[in-house]
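Report on one structure; see the data block that follows.
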Amino acid sequence: MIAFYPRSVRDLFLRGLGAGVVVGSLSVEFVDGGGSFTVRVGLGELVSTDFKGLRDLVSGEPNLHLFTAVPARLAGPLFFMLERFGFVRFRVHMVNADPTVVPIEAGGDADVLRNIAYIHAVHRFITVQMLKRRLRLHGSKVAATTHAILARSNYNADKNLIQRHVKPEIMKKLPRVILT
């Protein structure tokens with residue numbers, strides 16, 4: 001898994017391809033433990049570069065997908081600039097979350113990338129593959145359910161998003177997750 005986090009979306013507009021970005025390769029292991037799930041993330045190589053370097057990396061690998069997490073208010077400007085830089089939209093996967101605080105408070109670049117891997121693992125393996133059909137989740141409820149799973153497991157999550165989209169009776173049915 002290749003994760004990236006833009007240091008500042010504002011810098012994308014001011015500096016263009018010269019804006020800073022943190023890129024890292026991560027390994028994700030997912031273990032089903034019956035009523036709870038365990039997600040293990042191992043950090044590989046961590047590189048601080050600019051968007052030009054990231055674009056060169058992606059253009060050299062035709063099947064490479066990138067994973068990131070940004071708050072919803074920054075997703076529109078981020079994807080607007082990524083498309084202008086030549087990134088293919090369907091190869092960039094985004095989850096609505098602030099990886100500096102969700103699910104664990106980040107102390108540095110490695111922690112931010114680890115949080116992105118945790119969020120995507122919970123989102124893809126639990127919310128989308130296991131719960132989406134059973135709970136009939138559509139649109140913005142998928143991301144809200146991911147936050148609800150993290151909150152139910154006593155990790156940081158967007159409480160406002162949960163209150164708007166997840167009913168309390170659904171919240172009780174959600175599985176717990178352990179992030180290691």
Side-chain angles (χ1 to χ4, degrees), residues 1-9 12 17 19-33 36-72 74-75 78-79 81-83 85-132 137 142-151 153 155-158 175-180:
M1 166 188 243
I2 303 292
F4 78 96
Y5 183 70
R7 295 208 184 269
S8 168
V9 175
L12 285 173
L17 286 171
V21 63
V22 179
V23 182
S25 64
L26 299 117
S27 63
V28 178
E29 183 183 346
F30 181 74
V31 179
D32 185 354
S36 67
F37 300 95
T38 303
V39 178
R40 292 186 186 100
V41 172
L43 184 64
E45 186 177 351
L46 179 72
V47 178
S48 183
T49 183
D50 57 8
F51 275 94
K52 186 174 186 307
L54 182 61
R55 185 180 68 182
D56 294 342
L57 172 74
V58 172
S59 64
E61 296 287 331
N63 294 326
L64 184 66
H65 289 261
L66 300 172
F67 296 88
T68 190
V70 293
L74 299 177
L78 175 67
F79 282 116
M81 291 306 290
L82 288 177
E83 287 176 6
F85 293 159
F87 287 86
V88 179
R89 171 62 181 97
F90 73 89
R91 290 170 66 188
V92 178
H93 303 277
M94 194 270 302
V95 172
N96 174 13
D98 182 5
T100 59
V101 293
V102 174
I104 302 167
E105 191 79 29
D109 293 339
D111 293 337
V112 170
L113 292 180
R114 189 173 289 120
N115 282 348
I116 290 172
Y118 284 142
I119 294 165
H120 276 281
V122 171
H123 182 77
R124 289 184 99 184
F125 296 124
I126 299 174
T127 309
V128 174
Q129 289 182 1
M130 296 182 177
L131 299 177
K132 188 172 182 179
L137 301 174
V142 177
T145 305
T146 301
H147 282 274
I149 290 169
L150 292 171
S153 303
Y155 293 105
N156 297 335
D158 187 350
R176 295 189 184 272
V177 66
I178 300 167
L179 307 177
T180 60

Grab the two heavy atoms, one from [X] and one from [Y], that are nearest each other, plus how far apart they are.
| X | Y | value |
| --- | --- | --- |
| Arg40 | Thr180 | CG-OG1, 2.8 Å |
| Asn115 | Pro99 | ND2-O, 2.8 Å |
| Ile178 | Ser36 | CD1-OG, 4.4 Å |
| Asn96 | His147 | O-NE2, 2.7 Å |
| Phe30 | Met130 | CE2-CE, 3.8 Å |
| Val92 | Arg89 | O-NH1, 2.9 Å |

- Message: As a quick check of understanding, evaluate side-chain contact (heavy atoms from CB on, under 4.5 Å) for Ile104 and Asp111, giving each step before the final call.
- Response: CA-CA 8 Å; Ile104 302 167; Asp111 293 337; over 6 Å; no

- Message: For Phe37 and Ile149: C-alpha separation, side-chain torsions, deciding distance, then whether side-chain contact (heavy atoms from CB on, under 4.5 Å) applies.
- Response: CA-CA 11 Å; Phe37 300 95; Ile149 290 169; over 6 Å; no

- Task: Start with the C-alpha gap between Arg7 and Asp109, add the side-chain angles, then the distance that decides, and say whether side-chain contact (heavy atoms from CB on, under 4.5 Å) holds.
- Result: CA-CA 9 Å; Arg7 295 208 184 269; Asp109 293 339; 3.1 Å; yes

Flag the pair [X] / [Y] as yes when at least one side-chain heavy-atom distance between them is below 4.5 Å, and no otherwise.
| X | Y | answer |
| --- | --- | --- |
| Thr68 | Pro6 | yes |
| Asp158 | Val102 | no |
| His123 | Val128 | yes |
| Leu113 | Leu46 | yes |
| Leu131 | Pro175 | yes |

- In terms of the angle between their ring planes, are Phe51 and Phe85 parallel, tilted or perpendicular, with boundaries placed at 30° and 60°? tilted

- Using 30° and 60° as the class limits, which term best fits the ring planes of Phe67 and His120: parallel, tilted or perpendicular? perpendicular

Would you compute the distance between atom [atom1] of [X] and atom [atom2] of [Y] and round it to the nearest 0.5 angstrom?
| X | Y | atom1 | atom2 | answer |
| --- | --- | --- | --- | --- |
| Met1 | Leu64 | CE | CG | 11.5 Å |
| Leu78 | Leu12 | CG | CG | 6.0 Å |
| Arg176 | Ile126 | CZ | CD1 | 12.5 Å |
| Asp50 | Arg55 | CG | CZ | 9.5 Å |
| Met94 | Leu74 | CE | CG | 9.5 Å |
| Ser25 | Leu43 | OG | CG | 7.0 Å |

- Do the side chain of Arg114 and the main chain of Ala117 share a donor and acceptor less than 3.5 angstrom apart? no

- Message: Determine whether a donor-acceptor pair (N or O, by modelled atom type, separation under 3.5 Å) exists between the side chain of Tyr155 and the backbone of Leu179.
- Response: yes

- Working for side-chain contact (heavy atoms from CB on, under 4.5 Å), residues Leu150 and Tyr118: CA-CA 10 Å; Leu150 292 171; Tyr118 284 142; over 6 Å; no

- Picking from Ile119, Val39, Val122, Asn156, what satisfies side chain to side chain contact (heavy atoms under 4.5 Å, CB included) with Pro103? Ile119

- Show your working on side chain to side chain donor-acceptor pair (under 3.5 Å) between Thr146 and Thr127 and close with a plain yes or no. CA-CA 6 Å; Thr146 301; Thr127 309; 3.0 Å; yes

